[in-house]
Amino acid sequence: MANGKTTAIGESLLPKEETPLLENSSKSCLPKTFANFFIAIVGAGVLGLPYTFMRTGWITGVLTLVSVAALTYHGMMLLIHTRRRLDLSLIGDSKISSFGDLGFAVCGPIGRFSVDVMIVLSQSGFCIGYLIFIGNTLSHLISLSKGLGNIPLFNSAKSLYIWGCFPFQLGLTAIPSLTLLAPLTIFADIAQIGAMGVIMVEDVQTFTNQWPSDIEAFGTLSTFFYGLGVALYSFEGVGMAIPLESEMKDKSKYGKILALSMFLIALMYGTFGVMGYFAFGSSTKDIVTSNMGKGLLSTIVKLGLCINLFFTFPLMLNPAFEIFERRFSDGNYSVWMRWILVLGVTMVALLVPNFADFMSLVGSSTCCVLGFVLPALFHYQVFKGDMDRKGTLMDLGLIALGVFFGVSGTWYSLVEMFYQGKIV
């Protein structure tokens with residue numbers, strides 16, 4: 001679930017931003033590193049891909065996914081090359097253990113601040129998406145009244161379910177050590193893969209019985225930026241690049257295992273998105289589980305995903321907690337600071353109606369900076385005296401591309417959200 005899955009499963013009291021999910025005292029072998037990559041990247045974003053393909057056209061969607069996967073891989077490798085250079089020439093081995101540490105080493109306090117802000121925004125955005133998913137799914141699954149009349153933030157079934165999660169999340173996020181909750185995140189990924197398998201089987205049954213006649217291969221410029229944001233959201237795991245490389249036994253194979261991971265995840269994402277769109281055509285909903293028919297298996301899948309995201313919520317917010325407590329509480333545990341952040345996330349989730357629309361906004365506004373702009377910027381700052389013209393142009397080009405995609409994607413996502421899908 002992106003770089004939020006950084007909860008310690010060791011002996012430390014407070015899990016840290018830079019801690020891999022599957023951790024022990026020994027260095028990681030290749031299968032373990034692959035598993036950590038998979039856990040760090042695969043998240044709830046995949047559930048919005050069929051709807052995104054419906055908006056962008058399936059060929060545009062697949063090409064966007066592949067391109068984002070390749071650029072994300074490149075950005076991660078830039079971080080690794082930059083860290084290795086600094087370790088050798090400036091600091092010494094294994095002193096840089098996180099994205100934020102690298103930002104500080106390259107650009108000082110402003111570098112760490114930039115990384116911290118983007119991580120807080122992205123992790124909070126992921127959690128907002130979780131609450132939107134839970135609220136929308138349960139409101140379709142279990143009928144309630146339309147809410148509490150005209151009371152703001154309580155006037156829909158979705159809002160009641162989100163508020164229902166609120167006191168429990170206050171309790172979960174108040175736990176100083178999340179060691180006991182961390183295995184639930186691994187279970188969440190396993191369950192999500194199982195749910196994806198069930199959904200794809202139903203997709204095959206649906207489009208073999210009646211092939212939709214409204215399948216589109218390409219979309220418009222605005223829908224491309226929309227799809228770009230969702231793809232960035234789905235692949236955001238750049239914050240785990242440095243800690244996972246640090247944990248490997250054979251660091252020389254890091255690039256290969258990362259490339260294999262990104263390829264397989266892109267293949268899985270593309271297959272899931274295409275099959276979901278082919279099954280339901282223009283009727284594809286923003287959360288593909290909403291297209292599933294009624295029945296025991298469908299109910300189990302939906303409830304299972306809601307439970308998994310519910311328990312992943314505190315783990316996903318933990319990097320944000322660590323940053324806030326480090327900056328405003330001298331690194332000490334602060335329950336009220338955590339609760340304020342949970343309240344803020346809940347309030348935003350109540351105001352956003354569409355899961356995929358919000359994914360696109362988060363992907364464009366934060367993941368573009370974390371995945372493209374900052375890695376290329378840090379790499380350029382460290383290597384600019386040694387790089388040839390081609391290397392310089394690649395770094396500066398990625399920075400420019402990231403800024404352009406980020407600004408354009410954010411604009412189109414905001415227009416989409418505020419004008420209810422009417423791009424002007």
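Residue numbers run from 1 in the order of the sequence given. Hydrogens, waters and symmetry mates play no part in the numbers below; they use all other heavy atoms, side chains included.
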Would you say that Pro50 contacts Phe272 through its side chain, given a criterion of any heavy-atom pair below 4.5 Å between the two side chains?
yes

Please walk me through it: do Thr366 and Ser122 pass side-chain hydrogen bond (donor to acceptor under 3.5 Å, both in side chains)?
CA-CA 6 Å; Thr366 65; Ser122 63; 4.8 Å; no

What is the ring orientation for Phe324 with Phe328, classed by angle as parallel under 30°, tilted 30 to 60°, or perpendicular over 60°?
tilted

How about Glu216 and Trp58: do any of their side-chain heavy atoms sit closer than 4.5 Å?
no

Output the distance between atom OG1 (Thr137) and atom NZ (Lys158), rounded to the nearest 0.5 Å.
11.0 Å

Taken to the nearest 0.5 Å, the spacing of Ile300 CD1 from Leu305 CG works out to 12.0 Å

Where do Phe404 and Ile399 land on the side-chain contact (heavy atoms from CB on, under 4.5 Å) test, with the steps shown first?
CA-CA 9 Å; Phe404 174 73; Ile399 294 171; over 6 Å; no

Can you tell me if Ile340 has over 12 outside heavy atoms packed within less than 6.0 Å of its CD1?
yes

Could you give me the CA-CA distance, side-chain angles and deciding distance for Leu350 and Leu131, then say whether side-chain contact (heavy atoms from CB on, under 4.5 Å) is met?
CA-CA 8 Å; Leu350 292 167; Leu131 292 179; over 6 Å; no

Under a 3.5 Å threshold, yes or no: a donor from one side chain and an acceptor from the other, between Ser329 and Ser334?
no

Side-chain (Asp214) to main-chain (Ser282) donor-acceptor, under 3.5 angstrom:
yes

Any side-chain heavy-atom pair from Arg326 and Asp116 closer than 4.5 angstrom?
yes

Side chains of Leu138 and Leu303: does their closest heavy-atom pair fall under 4.5 Å?
yes

Nearest 0.5 Å please: distance from the NE2 atom of His379 over to the CE atom of Met77.
9.5 Å

Anything under 30° is parallel, anything over 60° is perpendicular, the rest tilted; go ahead and classify Phe225 against Tyr412.
parallel

Judged by atom type as modelled, is there a donor-acceptor pair below 3.5 Å linking the side chain of Arg338 to the main-chain atoms of Ala174?
no

Qualifying residue for ring pair (Phe, Tyr, Trp, His ring centres under 6.0 Å) with Phe126, from Phe313, Tyr233, Phe133:
Tyr233

Within a radius of less than 6.0 Å around CE of Met394, do more than 12 heavy atoms belonging to other residues, nucleotides or ligands occur?
no

For Ser124 versus Val345, what's the shortest heavy-atom pair and its separation?
CB-CG2, 4.0 Å

Please set out all donor-acceptor pairs under 3.5 angstrom arising from side-chain atoms of residues 196-208, sequence neighbours excluded.
residue, atom, partner, partner atom, Å
Glu202, OE2, Gly293, N, 3.2
Asp203, OD2, Gly276, N, 3.4
Thr206, OG1, Glu202, O, 2.8
Thr208, OG1, Val204, O, 2.6
Thr208, OG1, Gln205, O, 3.1

Quick one: closest heavy-atom pair of Lys285 and Tyr51, and the distance?
O-CB, 3.2 Å

Does Tyr254 use its side chain to pair, donor to acceptor, with the backbone of Ala241 at less than 3.5 Å?
yes

Shortest non-hydrogen pair, Thr284 vs Met54, comes out as O-CE, 3.5 Å

I need the minimum non-hydrogen distance between Ile96 and Ala105, along with the two atoms involved.
CD1-CB, 4.0 Å

For the CD atom of Gln123 and the CD1 atom of Ile128, what is their distance to the nearest 0.5 Å?
11.5 Å

Taking side chain as C-beta onward, heavy atoms only, is Phe99 less than 4.5 Å from Leu374?
yes

Step by step, work out the side-chain contact (heavy atoms from CB on, under 4.5 Å) result for Thr72 and Phe372.
CA-CA 7 Å; Thr72 301; Phe372 301 163; 4.1 Å; yes

Give, for atom CG of Leu102 and atom CG of Leu86, the distance between the pair rounded to the nearest 0.5 Å.
6.0 Å

With a 4.5 Å cut-off on side-chain heavy atoms, are Ile175 and Pro314 touching?
no

Expected output: side-chain Gln381 to main-chain Ala376 donor-acceptor under 3.5 Å
no

Kindly indicate whether the side chain of Ile134, heavy atoms from C-beta on, has any atom under 4.5 Å from the side chain of Ile162.
no

What's the verdict on side-chain contact (heavy atoms from CB on, under 4.5 Å) for Phe53 and Thr60, showing C-alpha distance, side-chain angles and the deciding distance?
CA-CA 8 Å; Phe53 282 18; Thr60 301; over 6 Å; no

With sequence neighbours left out, what residues match Asp388 under salt bridge (Lys or Arg N to Asp or Glu O under 4.0 Å)?
none

Heavy-atom closest pair, residues Pro375 and Leu78
O-CB, 4.0 Å

Any ion pair linking Lys384 and Asp395 (charged N to carboxylate O, less than 4.0 Å)?
no

Are the side chains of Ser364 and Phe405 in touch, meaning some heavy atoms are under 4.5 Å apart?
no

Taking the six-membered ring for Trp, are Tyr269 and Phe235 closer than 6.0 Å centroid to centroid?
yes

Heavy-atom pair of closest approach, residues Ile132 and Ala349:
CG1-O, 3.9 Å

Check this for me, if you would: do Asp101 and Arg83 make a salt bridge, where the nitrogen-to-carboxylate-oxygen distance has to be below 4.0 angstrom?
no

How many angstroms lie between atom CE of Met118 and atom SG of Cys368, to the nearest 0.5 angstrom?
11.0 Å

